[in-house]
Amino acid sequence: MNAILKRIITDKTFLITLILAVFSITFGVVKLSDIDANTITSLAALILLITIYQALNILKFVANYIIAKCSTIRSVVLVLLLCSFFGSMFFTNDVAILTLVPIVFNIAQKINLPKILTISLLTIYANLGSALTPFGNPQNIYLVSHYHLGIGQFMMMSLPFGLVALLSMFVVLLVIKNQPIDDVTLPSVEINQHKTWLLLGATLIVLLGILSVIPVYMALIVSILAAFCLQKSVFKHADYGIILTFVNFFIIVGAISRIKYVQTLLYQHTTSSLETFFSGMITSQFISNVPAAILISKFTQHSYGLYLGVTVGGLGTLIASLANLLALRQYAALSHHHSTFGFFKTFSLLNIGLLLFFIIVGYILLSV
């Protein structure tokens, strides 16, 4: 318990949002109903499930197996990006980054892999890939719950964007040298097949709960049972800070949404899907796309415009997505706290370039 509390109180994102939440409670109007219970329950179930996958080394096993088949630097980066893109659809963008960034550093010890460029692209395509499923990132979980979106409705919104995002990956890859490499030997990773199959079954039930096919509380119960039966240590290592940070987001946004000036401004700029798209994208650059989604959803029914806005809005500034900050933290920790300016520069240039491209994509999708 002490370790859990220590990890939570040293989580800078949680502490900052906690201070802002207390400030909001003190000076603003906050209601208990501001906290979306379905979203919090879904997020808690996913966090536990994801931690089990990490503890059982399943994600590393899959990534290592695929990467071992590569013969050039470009193919290694391609496989990493594909793992990031498709992995984030099912295990969230945060998990994709936490899993793959250490693998990048491990590979870079054996071949001339451009670490900063690779990690920057990993983060970008984790953000883009996570947008394709209702459970790929926290804002999607919230939007599905808030707008009561079915799986068919959501996929109709996400698939056209996802296809363009995937195609863009192969164009961006041209900046990576297609240099031949020797075989990459990664540390051996063992998995328990029996536990893996049980976990996949539990995952199916949890996803049904998140999609409201079954009551969402059942998803949480199943994830707790899976953790208890498959890997009890998960309860110690799960990232509860993310769940509490999300509670803080709801409190902050609830208070901000009742400020008259903010209400007037957002009502004026969310009257159409296109206006909602630009409002979501711009707001994300300053407060990140998760709170942007929560805030703007209170003023508009244009779910498609908001979805595209906060998805594209995850690109751009370092704070546009919490996953961006996580990637920076991972890079700083694994590079032994060397200067992060090089990472910031490369990351920002790539993000701004792709942000401009996907603004055009979003505009076209909403105009057709």
Validation: residues 141-151 side-chain donor-acceptor distances under 3.5 Å, sequence neighbours left out:
| unit_1 | atom_1 | unit_2 | atom_2 | d |
| --- | --- | --- | --- | --- |
| Tyr142 | OH | His146 | ND1 | 3.2 |
| Tyr142 | OH | Ser297 | OG | 2.6 |
| Ser145 | OG | Asp36 | OD1 | 3.4 |
| His146 | NE2 | Ser297 | O | 3.2 |
| Tyr147 | OH | Thr300 | O | 2.9 |

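Side-chain atoms of Tyr125 and Ser168 include a donor-acceptor pair closer than 3.5 Å.
By the rule that hydrophobic residues join a cluster once side-chain heavy atoms approach within less than 4.5 Å of another member, Ile205 and Trp197 end up as members of one cluster. Using a 4.5 Å cut-off between side-chain heavy atoms of Ile, Leu, Val, Met, Phe, Trp and Tyr, with links allowed through other members, Ile25 and Leu244 fall into the same hydrophobic cluster.
Using cut-offs of 30° and 60° for the angle between ring planes, the Phe154 and Tyr307 rings count as perpendicular. Note on ring orientation: taking the six-membered ring where Trp is involved, the planes of Phe343 and Tyr331 are parallel (angle under 30°, cut-offs 30° and 60°).
A heavy-atom distance below 4.5 Å is found between the side chains of Leu128 and Leu315. The shortest side-chain heavy-atom distance between Tyr304 and Leu366 falls under the 4.5 Å cut-off. Using a 4.5 Å heavy-atom cutoff, the side chains of Thr92 and Phe135 are not in contact. Contact annotation: the side chain of Ile73 never approaches that of Lys177 to less than 4.5 Å [non-hydrogen atoms, C-beta and beyond]. Gln231 is listed as a side-chain neighbour of Lys195, based on a closest heavy-atom distance under 4.5 Å. The closest side-chain heavy-atom distance from Val247 to Thr17 is not below 4.5 Å. In this structure, Leu200 and Tyr53 have side chains that are in contact, with non-hydrogen atoms separated by less than 4.5 Å.
A search for side-chain contact (heavy atoms from CB on, under 4.5 Å) contacts involving Leu325 returns Leu318, Ile319, Leu322, not counting sequence neighbours.
As a member of the Ile/Leu/Val/Met/Phe/Trp/Tyr network built from side-chain separations under 4.5 Å, Ile360 groups with Ile364, Val368.
Between Asn93 and the options Asn137, Asn127, Thr123, a side chain to side chain donor-acceptor pair (under 3.5 Å) holds for only Asn127.
Although no hydrogens or angles enter the test, the distance criterion places a donor-acceptor pair under 3.5 Å between the side chain of Asn324 and the main chain of Gly314.
Among all heavy-atom pairs drawn from Ile243 and Ala44, the shortest one is CD1-CA, 3.6 Å. Residues Ala126 and Ser88 approach most closely at O-OG, 3.1 Å, considering heavy atoms. Shown here for Gly313 and Ala320, the closest heavy-atom pair between the two residues is O-CB, 3.0 Å. Taking both residues in full, the closest heavy atoms of Gly316 and Leu355 are given as CA-CD2, 3.9 Å, listed atom of the first, atom of the second, then distance. Residues Ala238 and Leu48 approach most closely at CB-CD2, 4.1 Å, considering heavy atoms.
Heavy-atom neighbours of Phe170 CZ from other residues, nucleotides or ligands within 6.0 Å: above the threshold of 12. For Phe105, the CZ atom sits in a packed shell: over 12 heavy atoms of surrounding residues, nucleotides or ligands are nearer than 6.0 Å.
Distance check, rounded to the nearest 0.5 Å: CG of Leu78 to CG of Leu82 gives 4.5 Å. Of the inter-residue distances, the one linking Leu159 atom CG with Leu132 atom CG reads 6.0 Å to the nearest 0.5 angstrom.
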